[in-house]
Each structure stands twice: as structure tokens, then as C-alpha cells.
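Sharing a structure here in C-alpha cells format.
Computed over heavy atoms, backbone and side chain alike; hydrogens, waters and symmetry mates excluded. Index from 1, following the sequence.
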Amino acid sequence: MGFSFLATSDLHIGMKFKNYIDNVSRELQEARFRALENMVNIANERGCSLFLIAGDLFESAADTNRKYIDEIISILKKFHGEYVAILPGNHDFFNVTNFWVTFINSIKDTNIILLNEYKPYELEINDEKVVLYPAYCDLKHSKENRLDWIKEHRDFDKDAFNILVAHGSIKGISPDMKDEYFSMSIDEINSLGVDMAVVGHMHINYPFVDEVKNQKLLIPGTPEPDGLDCRHEGYAWVVDVVDKGNFSAAKVKTGTYRFVDDKCIINSYKELEDYKNKLLEDNPKFKIVRVSFSGSIEGDYSDERKKCFDDLSKKLFYFEYSDNIRKKFDKSQIDKEFSIGSLPHRILSKIDDKELLELAYEKIMEVKK
């Protein structure tokens, strides 16, 4: 009969966003809960039987209050399918603490499973046998991954659909410069004997396409963008399994906010207006934008620039900028603006580099003010 499931990871609920003012920080925190609600709704619409979270549901197991646990469980209980399976990641790694004891007690008598043992979890979905093999994190950092128990496992049910659920970096795909995030290789995963693998930790989804067929490794990425270095819209994978050798996955959009971190070189006021209009496309009220402006334009335009930046501040959810746009200045203007023989005139007359000339002019004008 087959079945479908939604795969996600790295929600990092409880992330503080301390670099932003209070109202922005609070909204970005709330957006992570909405991403979870969005995914539950998508999973229900797509008829998914399994909702799979491959680690880092929480930003920190040590710094998460009971209110967060209750709200998350309330959202997950709205999933219409048979099972919700949650893997501890390196941020919310599993150990016997009050947090995890509270969480385990809270999911009793629900369809939520915590994958906190190195053992196969056998599920029955649509008369199909599905087995989850968790490689959960028991520490924040480790140079060793947690695949060894699966490598030693010899009792794979060849009739079941076997899924590795892991959290850690993938060599050659996700950065891990110090090799401290439970690193694993694609060859290791391919040698395990599972039908497919869902791996959390990297915040960009993989493969970098919208749809795949019989793809063994899926990385969901974060479903809600989480910073200026996160350029995507937030995604998850919906996987449709016909049988062991026939399954496909489609990327689904799950996020609300977009982060834009940019450098913009302006050579005319029209270019500044065009750039402003570009920023205001596609739901500007959900954009967090930081831009460093540079370049030079004819005339001062300082009042017009301020009006442009104020407009962006009003229409974008959050806007931060640095204005390093200079007034265009060339040697033909020196005699017009400065007395012949004056110190500014002598200094500027000796500069041949156009950019350096504009910068020197700007500094002289600042001193004159």
C-alpha cells in the first residue's frame, strides 16, 4: 500500500535572537513554533503517516522551560498520522535530566516517540513494516558518530522499509572544520543496509533540488530561517514510499521570514531606488535585511537617501544599514568648489585615482562642517 512521511530537523525552538530588539526577537522566536504548525498542516494535507524530526527540535535541553514543551506537544498532537518520531540532536542531546524526564512523561499516551535508545524502532504503517534506526546525540560534541551499533546490527528485516535517522555533519556536504559534530560519510551511510537516511544538523536542505527519486540521503535543513547567513525560505521533505525500491521526495516550503545580508554598490540615485523596490518585492513585512551601501552618485542626495532608508525601515520587518555612498567628484569640479592655492585645492589637485579623490573630497567636506 505504501506510505508518506514528512522529514524535518533543526527547528531550534527556544533560540533567543539576542542581536535584535525585543519585539523582533520575540517574533522570530514565535516564528519557529509557526514553522512546526505549518509542517503539521502540510503533513496532514499530504496524508503523511509519519512525522520525523531528525534532531535539534530544541535550541537547548538545558535551557528550555515547561511552557515550550507543552506548546510543542500541543502542536504535534494535531498531526493526524500514526507516529511522530523525535531524535535528540547535538543541541538537545539526550541524557537523564529533568528536561527529558519531563518530556518523556508528557508524551505518555500520545503517538509521539522519542528515539533515545540505540535500537530498532518497529512501526506498523498502512500494513507496512517501517523500522527506524536512530543515531541520536548523547553529547553536544563528538569526533565519533553514533552509527556503530547499526553497523553491527545483523537482523535487518528485508521486507521492511528501513530508515536511518541521524544527526551530525556529512563529510563533503556540511562544514565541520574541527570534526566535532558526529561526522559521517555518504559511503558509511550507503554501507549500513538501510533503505534511506534522514540526517539533521546542516541548516540547508540536501540534495539542492526540489524533487528527487530513490535518493538515499535526505537532509531537511531548518524549516524556519535562523540568521543572516541563512538565505533560503525554510523547507522540509515530504517522502512518498511506494515500496523499498520506489520512493520519491519533494521539498515543501515551511518558513515565514527571509533574511537578506547584502552589499550594494550604488552609482546613481536611480540605482538606489531600483534596489529599494527590489527589497520591497515578495512580502517585505517578513524580511530581515542588513545592507552595506557604497559607491558614489551625482549630487548629495542626502535627504532623498534618508527618505529612502526610512521607507525601507517602515515597510520591512527589520532593516539595518550603513550608508557609505559618496558624492561623485572629479577634477573638473576642484576649481569650482575651492579657491586656487587653498590647502584643499592643492591636496585634491594631486590625486589622480578617482575613488581616492571622491573619498578625500568627502573627508574635506566633513572637516568643513
Below 6.0 angstrom between ring centroids: does that apply to H203 and H12?
yes
Quick one: do the H141 and N90 side chains pair a donor with an acceptor below 3.5 Å?
no
Any chance the side chains of D56 and H167 put a donor and an acceptor closer than 3.5 Å?
yes
As a test of understanding, state which of E224, E27, R32 forms a side-chain hydrogen bond (donor to acceptor under 3.5 Å, both in side chains) with Y257.
E27
Less than 4.0 angstrom from a charged side-chain N to a carboxylate O is my criterion; do K251 and D210 meet it?
yes
State which residue, out of F182, Y181, Y206, fulfils the ring pair (Phe, Tyr, Trp, His ring centres under 6.0 Å) condition with H201.
Y181
Using a strict cut-off of less than 4.0 Å between a Lys/Arg side-chain nitrogen and an Asp/Glu carboxylate oxygen, indicate whether K119 and E117 qualify as a salt bridge.
yes
Going by heavy atoms in the side chains, are L36 and I72 under 4.5 Å from each other?
yes
Verdict with supporting geometry, D179 and K143, salt bridge (Lys or Arg N to Asp or Glu O under 4.0 Å):
CA-CA 6 Å; D179 197 29; K143 290 187 177 295; 5.3 Å; no
State, yes or no, whether a side-chain contact exists between N246 and D243 at a heavy-atom distance under 4.5 Å.
yes
Tell me yes or no: between the side chains of N324 and S294, is some donor less than 3.5 Å from an acceptor?
no
May I have the step-by-step check of side-chain contact (heavy atoms from CB on, under 4.5 Å) for N283 and K287, ending in yes or no?
CA-CA 7 Å; N283 293 319; K287 286 184 180 178; over 6 Å; no
Main-chain N/O of E273 paired with N277 side-chain donor or acceptor, under 3.5 Å
yes
Taking R154 for its side chain and K151 for its backbone only, find out whether a donor-acceptor pair lies under 3.5 Å.
yes
For the aromatic rings, using the six-membered ring if either is Trp, is the centroid distance between Y133 and Y118 under 6.0 Å?
no
Would a 4.5 Å heavy-atom cut-off, applied to side chains only, mark I112 and I86 as touching?
yes
Can a donor-acceptor pair be found between the side chains of Y275 and E271 at a distance below 3.5 Å?
no
Linked, directly or transitively: V260 and V24 (ILVMFWY side chains, under 4.5 Å)
no
Specify whether Y321 and F293 have parallel, tilted or perpendicular ring planes, treating 30° as the upper limit for parallel and 60° as the lower limit for perpendicular.
perpendicular
Might you work through the salt bridge (Lys or Arg N to Asp or Glu O under 4.0 Å) test for D310 and K306, ending with a clear yes or no?
CA-CA 6 Å; D310 287 347; K306 184 179 184 305; 2.9 Å; yes
Has W100 got a side-chain atom pairing as donor or acceptor with F93's backbone, closer than 3.5 angstrom?
yes
D159 and K129: salt bridge (Lys or Arg N to Asp or Glu O under 4.0 Å), yes or no, with the steps?
CA-CA 8 Å; D159 294 324; K129 194 172 186 181; over 6 Å; no
If the test is side-chain hydrogen bond (donor to acceptor under 3.5 Å, both in side chains), which one of K278, K270, K276 qualifies with D274?
K270
Please determine, by modelled atom types, if S4 and D240 share a side-chain donor-acceptor pair under 3.5 angstrom.
yes
With Y20 as reference, evaluate F319, Y318, F317 under the ring pair (Phe, Tyr, Trp, His ring centres under 6.0 Å) test and give the passing residue.
Y318
